[in-house]
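Below is one structure, written out as structure tokens; comments come after it.
Predicted model only: the values in this text are computed from it and were never measured.
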Amino acid sequence: MAGIEFTDLRVNGSRLLQRILALADIGAIDGGGVCRLALTDEDRLGRDLVVSWMTDLGMDIRIDAIGNVVGTWGGTDPSLSPVMCGSHIDTVRTGGKYDGNYGVLAGLEVVETLAEAGIETDRPIAVGFFTDEEGARFHPDMLGSLVYAGGMAIEVALDLPGIDGTRLGEELDRIGYAGPHPCPGVVPHAFVEVHVEQGPVLEAKGISIGVVTGVQGIHWEEITITGQSNHAGTTPMAMRHDAGNAAARLAVAVRDIAITIGGTQVGTVGAIDLQPNLVNVVAGRAVLSVDLRNTDSAELKRAIDALGAACGEIADTEGVAIERRTTADFDPVDFDPEVIALIEQTADRLGCSVQQMASGAGHDAQMLARVCPAAMIFVPSVKGLSHNVNEYTRPADLEAGANVLLHTLLKLQAV
Ligand code: GLV
Ligand code: MN
Ligand code: MN
């Protein structure tokens, strides 16, 4: 339906917000946040709720072998590939209500708005939610969309270990979301993801819509340090093989590497596990995570090399063994120039202030970009907080982003 690309059609912002709040009740934690780690019982309940909404909207629901769920609606010509949107509904352990969830529920709101208005689209509209985007329980992040796009074999993904000693495939079976549909999945005509910015830029500049031009490269490692556990009172300082001290030095080194490289380089040690983790015992073992990101792949490589050099130096001077295991490694991604331009024009026509920006966080759209034209819409995060229970986006901004999604999809579906 080529004539409906721009009308005064608008989403229902309060219906969208009600769904966001209802989903956030599942796995709600103190402070207003959400804990729905991938493939836990809470994730299953969240999935069940979103699937029930898809069913109510009359969508054709397909669950694939990695547990991605895609609901498809409309389309006058079934031979045409769908225009797809979506995101994820898993969260980190201390997540907010909006990260990922907003993009999925904005997609459902678009479908409901079109259905209510009696609009028939040329291409089907598909809304997906992808398994384990956060990568907080099973590394790497964006796992479901990576498998959907053919970037990891399903057998490899199903065998991934969780941080709690589980196996991904077993957890997927346990919650009843190992679906019959094959991976890689259907290649969409285009993919658009609306998401909260998760950073401070839009709010600080008073801009309502960010048009995302790309996502920075991401490198994760799990580093295991093996020393010698011993008595804290009797072991002279010069005779220790202290895995705890080596872990502390490595955490400081990661920060120094990021600051020295500068630019967009960031570096985080977000998790440290000490064994035996007791007051009067020198730690014999430490396992820590390292997250390095940069928009420039050469600079990211410099950071990874510097991490290797720091590991070597710390192992020598502390008398410990250090083993490195890469758990995520994704190059920076540039989104499609035509989809970027379309989002920008759409936001502009809707009267929104708009600016182009790169994403610091990883997103499912960066995986879909491997197989189809893709880009993203950002809306402001108050105080730039995310992966935090206080994550918040104002209802008016949620509504504006969903309207930009609606009209971007309307344009993309027309043949
Ligand atoms: C995933 O969302 C990440 O950016 O870590
Ligand atoms: Mn997200
Ligand atoms: Mn996240």
Side-chain angles (χ1 to χ4, degrees), residues 29-31 33 35 37-38 40 92-95 134-141 159-168 170-171 218-262 265-294 300-329 387-389:
I29 54 174
D30 284 352
C35 175
L37 288 169
T40 55
V92 296
R93 190 176 278 128
T94 52
E134 293 292 5
R137 189 171 179 217
F138 301 95
H139 306 330
D141 47 357
D159 198 35
L160 287 169
I163 56 169
D164 45 10
T166 54
R167 283 280 146 198
L168 189 144
E170 286 164 17
E171 286 296 276
I218 302 176
H219 178 84
W220 285 359
E221 291 191 20
E222 180 190 82
I223 298 191
T224 303
I225 303 172
T226 308
Q228 174 71 66
S229 122
N230 210 338
H231 197 294
T234 62
T235 317
M237 296 309 285
M239 296 176 72
R240 295 181 178 213
H241 304 281
D242 184 346
N245 191 51
R249 286 187 58 193
L250 201 47
V252 173
V254 166
R255 186 179 164 81
D256 288 346
I257 288 165
I259 289 168
T260 305
I261 290 180
Q265 182 64 51
V266 286
T268 306
V269 172
I272 301 183
D273 179 44
L274 294 184
Q275 294 293 328
N277 206 26
L278 293 169
V279 62
N280 55 355
V281 184
V282 175
R285 186 170 190 264
V287 180
L288 60 151
S289 64
V290 177
D291 175 315
L292 297 171
R293 306 190 191 204
N294 201 311
L300 182 55
K301 168 121 186 16
R302 260 182 76 202
I304 297 166
D305 290 347
L307 176 64
C311 286
E313 199 271 320
I314 291 167
D316 285 350
T317 53
E318 297 291 329
V320 295
I322 299 187
E323 244 178 82
R324 301 167 63 196
R325 186 168 75 89
T326 297
T327 57
D329 194 50
H387 289 184
N388 181 313
V389 296

Any donor and acceptor pair, going by atom type alone, linking the side chain of [X] with main-chain N or O of [Y] inside 3.5 Å?
X      : Y      : answer
Arg167 : Asp159 : yes
Thr40  : Leu37  : yes
Gln265 : Arg293 : yes
His241 : Val320 : no
Ser289 : Ala271 : yes

When rounded to the nearest 0.5 angstrom, what distance separates [atom1] in [X] from [atom2] in [Y]?
X      : Y      : atom1 : atom2 : result
Arg249 : Asp256 : CZ    : CG    : 11.0 Å
Ser229 : Asp242 : OG    : CG    : 10.0 Å
Ile304 : Glu221 : CD1   : CD    : 7.0 Å
Glu222 : Glu323 : CD    : CD    : 9.0 Å
Ile257 : Leu292 : CD1   : CG    : 7.0 Å
Leu168 : Leu160 : CG    : CG    : 6.0 Å

Worksheet item: Should Arg137 and Glu171 count as an ion pair when the cut-off is N to O under 4.0 Å?
Response: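 Between Glu171 and Arg137 there is a salt bridge, with a charged N closer than 4.0 Å to a carboxylate O.
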Fill in: Salt-bridge criterion met for Glu318 and Arg240 (N-O under 4.0 Å)
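Here Glu318 does not pair with Arg240 in a salt bridge, since their nearest N and O are not under 4.0 Å apart.
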So [Y] and [X], do their side chains get closer than 4.5 Å, heavy atoms only?
X      : Y      : answer
His231 : Val282 : no
Ile223 : Leu307 : yes
Ile314 : Ile322 : yes
Arg255 : Thr260 : no

Discussion item. Apply side chain to side chain contact (heavy atoms under 4.5 Å, CB included) to residues Val287 and Ile272 and explain how you reach the verdict.
Written reply: CA-CA 6 Å; Val287 180; Ile272 301 183; over 6 Å; no
Discussion item. Thr94 vs Cys35, test: side chain to side chain contact (heavy atoms under 4.5 Å, CB included). Steps then yes/no.
Written reply: CA-CA 6 Å; Thr94 52; Cys35 175; over 6 Å; no
Practice prompt. May I ask you to check whether over 12 heavy atoms, not counting those of Asp30, lie within 6.0 Å of atom CG?
Written response: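 Counting neighbours around CG of Asp30, 12 or fewer heavy atoms of other residues, nucleotides or ligands fall under 6.0 Å, so no.
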Worksheet item: If you count the non-hydrogen atoms of other residues, nucleotides and ligands that lie under 6.0 Å from CD in Glu313, is the total more than 12?
Response: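 Result for CD/Glu313: enclosed.
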Quick one: closest heavy-atom pair of [X] and [Y], and the distance?
X      : Y      : answer
Ala247 : Ala286 : CB-CB, 3.9 Å
Ile163 : Ala136 : CD1-O, 3.5 Å
Pro276 : Gly284 : CD-N, 4.3 Å

Worksheet item: Given Leu288, which of Leu274, Thr224, Asp273, Ile225 fulfils the side chain to side chain contact (heavy atoms under 4.5 Å, CB included) condition?
Response: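 One option only clears the test, and that one is Ile225.
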Worksheet entry | Evaluation steps, side chain to side chain contact (heavy atoms under 4.5 Å, CB included), between Ile218 and Asp141 | CA-CA 9 Å; Ile218 302 176; Asp141 47 357; 3.9 Å; yes
Discussion item. Here's a test for you: under side-chain hydrogen bond (donor to acceptor under 3.5 Å, both in side chains), which of Asp291, Thr327, Asp329 qualifies with His219?
Written reply: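 Passing option: Asp329.
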